[in-house]
Amino acid sequence: MSAAEKEPAVYQRVVLKNASPYHYMKVRLVLEDESTKLSAVELKQFIITGLKSLYGEAGAALTFDLLKYDEDTLAFLLRVYSRGLVKLWSSLTLLGFYQNQACAFRVLQVSPFLLALTGNSRELQLD
C-alpha cells in the first residue's frame, strides 16, 4: 500500500453526558445577625419556602436532601437530582430575608460526585 492509497485519519468527537443522577452542593448561609441559629428542619423548610415562592407548588415538590448540617457555621451539604439543580440554585440565590433579617446563601462547591466536596484545594495545608 503506497502513501497515496492510505486512508486519511478519521477523528470522532465524543461527548459524554453526566451519568450521575444527583448533584451535590456545599452551601453556607450567612445571616445579618450571626447569633441566629437554625435547626436542620427550619433550614430545609426555609429552602422549600424559597422554592415555592419562585416556582410555585411544583417548585416546592422538588426533591432534595439535607445530607449534613453544621449549626455552628450554618454550612450544609445538599443532594438534588441533576435535573433540579438549576431550580434549587436559583431559589437559594434569590432568598434574601430570614425572619426580617438579611441573609445570603453562599454556594461554595457543586459537583456530581460527593467525594469531590470532601476537600478544597484552597484550604489545603501541607505540613
Side-chain angles (χ1 to χ4, degrees):
M1 191 185 259
S2 68
E5 296 173 353
K6 284 187 179 176
E7 272 187 39
V10 177
Y11 295 98
Q12 182 179 3
R13 180 177 175 201
V14 177
V15 178
L16 299 176
K17 298 268 185 185
N18 184 13
S20 176
Y22 296 106
H23 264 78
Y24 300 89
M25 301 176 73
K26 184 187 278 188
V27 185
R28 189 169 52 89
L29 176 60
V30 179
L31 293 168
E32 188 175 38
D33 179 11
E34 294 178 1
S35 65
T36 304
K37 299 294 179 191
L38 279 87
S39 69
V41 174
E42 291 170 329
L43 176 65
K44 186 160 183 178
Q45 186 59 45
F46 182 41
I47 295 171
I48 291 170
T49 303
L51 282 163
K52 186 175 182 179
S53 68
L54 187 60
Y55 295 106
E57 290 296 327
L62 182 72
T63 304
F64 70 94
D65 298 309
L66 183 62
L67 298 180
K68 184 178 177 183
Y69 176 55
D70 183 2
E71 288 188 26
D72 297 328
T73 62
L74 299 177
F76 52 94
L77 284 175
L78 294 174
R79 179 178 67 181
V80 61
Y81 281 109
S82 295
R83 66 180 178 269
L85 176 67
V86 173
K87 284 185 179 181
L88 180 61
W89 198 334
S90 60
S91 69
L92 291 177
T93 302
L94 295 175
L95 278 171
F97 287 94
Y98 177 72
Q99 295 181 348
N100 296 326
Q101 64 174 305
C103 73
F105 285 94
R106 302 287 182 223
V107 178
L108 306 174
Q109 287 178 292
V110 177
S111 176
F113 309 106
L114 182 58
L115 188 61
L117 301 185
T118 59
N120 185 350
S121 61
R122 295 179 184 187
E123 298 171 357
L124 182 64
Q125 294 179 354
L126 298 174
D127 293 331

Who pairs with R106 by side chain to side chain donor-acceptor pair (under 3.5 Å), at least two apart in sequence or on another chain? none
If you take all heavy atoms of L62 and K87, which pair is closest and at what distance? CD2-CB, 4.3 Å
Single-linkage hydrophobic cluster V107~Y69, side-chain heavy atoms < 4.5 angstrom: yes
In sequence, state the C-alpha distance, the side-chain angles, and the governing distance for I47 and L88, and then conclude on side chain to side chain contact (heavy atoms under 4.5 Å, CB included). CA-CA 8 Å; I47 295 171; L88 180 61; 3.7 Å; yes
With a 4.5 Å limit on heavy-atom distance, are the side chains of M25 and L92 in contact? yes
Report the residues that fulfil ring pair (Phe, Tyr, Trp, His ring centres under 6.0 Å) with F46, sequence neighbours left out, ordered by chain and then residue number. Y98, F105
Distance-only donor-acceptor hits, side chain of residues 50-57, under 3.5 Å, sequence neighbours excluded:
{"residue": "K52", "atom": "NZ", "partner": "E57", "partner atom": "OE2", "Å": "3.0"}
{"residue": "S53", "atom": "OG", "partner": "T49", "partner atom": "O", "Å": "3.4"}
{"residue": "S53", "atom": "OG", "partner": "G50", "partner atom": "O", "Å": "3.0"}
{"residue": "Y55", "atom": "OH", "partner": "S90", "partner atom": "OG", "Å": "2.7"}

Stepwise side chain to side chain contact (heavy atoms under 4.5 Å, CB included) check, L74 with V30: CA-CA 7 Å; L74 299 177; V30 179; over 6 Å; no
Going by atom types only, do T36 and Q99 share a side-chain donor-acceptor pair under 3.5 Å? no
Among all residues two or more places apart in sequence or in another chain, which pass the ring pair (Phe, Tyr, Trp, His ring centres under 6.0 Å) test with Y81? Y22
Kindly confirm or rule out a cation-pi arrangement of K44 over F64, judged by NZ or CZ under 6.0 Å from the six-membered ring centre and within 45° of its axis? yes
What's the shortest heavy-atom distance between A40 and L66, and which atoms? O-CD2, 3.7 Å
Atom of K37, atom of E42 and distance for their closest heavy-atom approach: O-OE1, 4.0 Å
To check you understand the geometry: which heavy-atom pair defines the closest contact between T118 and L115, and what is its length? OG1-O, 2.7 Å
Examine F76 and I48 and state if one hydrophobic cluster contains both, with Ile, Leu, Val, Met, Phe, Trp and Tyr joined whenever side-chain heavy atoms are less than 4.5 Å apart. yes
Please walk me through it: do L117 and L77 pass side chain to side chain contact (heavy atoms under 4.5 Å, CB included)? CA-CA 9 Å; L117 301 185; L77 284 175; 3.6 Å; yes
Can you check whether Y24 reaches L67 side chain to side chain, under 4.5 Å on heavy atoms? yes
Yes or no on side chain to side chain contact (heavy atoms under 4.5 Å, CB included) for L38 and E71, after CA distance, side-chain angles and deciding distance? CA-CA 7 Å; L38 279 87; E71 288 188 26; over 6 Å; no
Taken in chain and number order and not counting sequence neighbours, the residues that satisfy side chain to side chain contact (heavy atoms under 4.5 Å, CB included) with N100 are none
If two hydrophobic side chains count as joined below 4.5 Å and joins carry through other members, does L94 share a cluster with L43? yes
Look up atom CD in Q101 and atom CD in E32, then write down how far apart they are to the nearest 0.5 Å. 6.0 Å
Indicate the atoms forming the closest heavy-atom contact of S20 with S82, along with that distance. O-OG, 3.2 Å
To the nearest 0.5 Å, atom CG of L108 lies from atom CZ of R28 at 6.0 Å
Could you grab the distance from atom CG of D65 to atom OG1 of T63, nearest 0.5 Å is fine? 7.5 Å
Closest non-hydrogen atom pair between C103 and L29, with its separation: CB-CD1, 4.1 Å
Please name all residues satisfying salt bridge (charged side-chain N to carboxylate O under 4.0 Å, His left out) with D70, sequence neighbours left out, ordered by chain then number. none
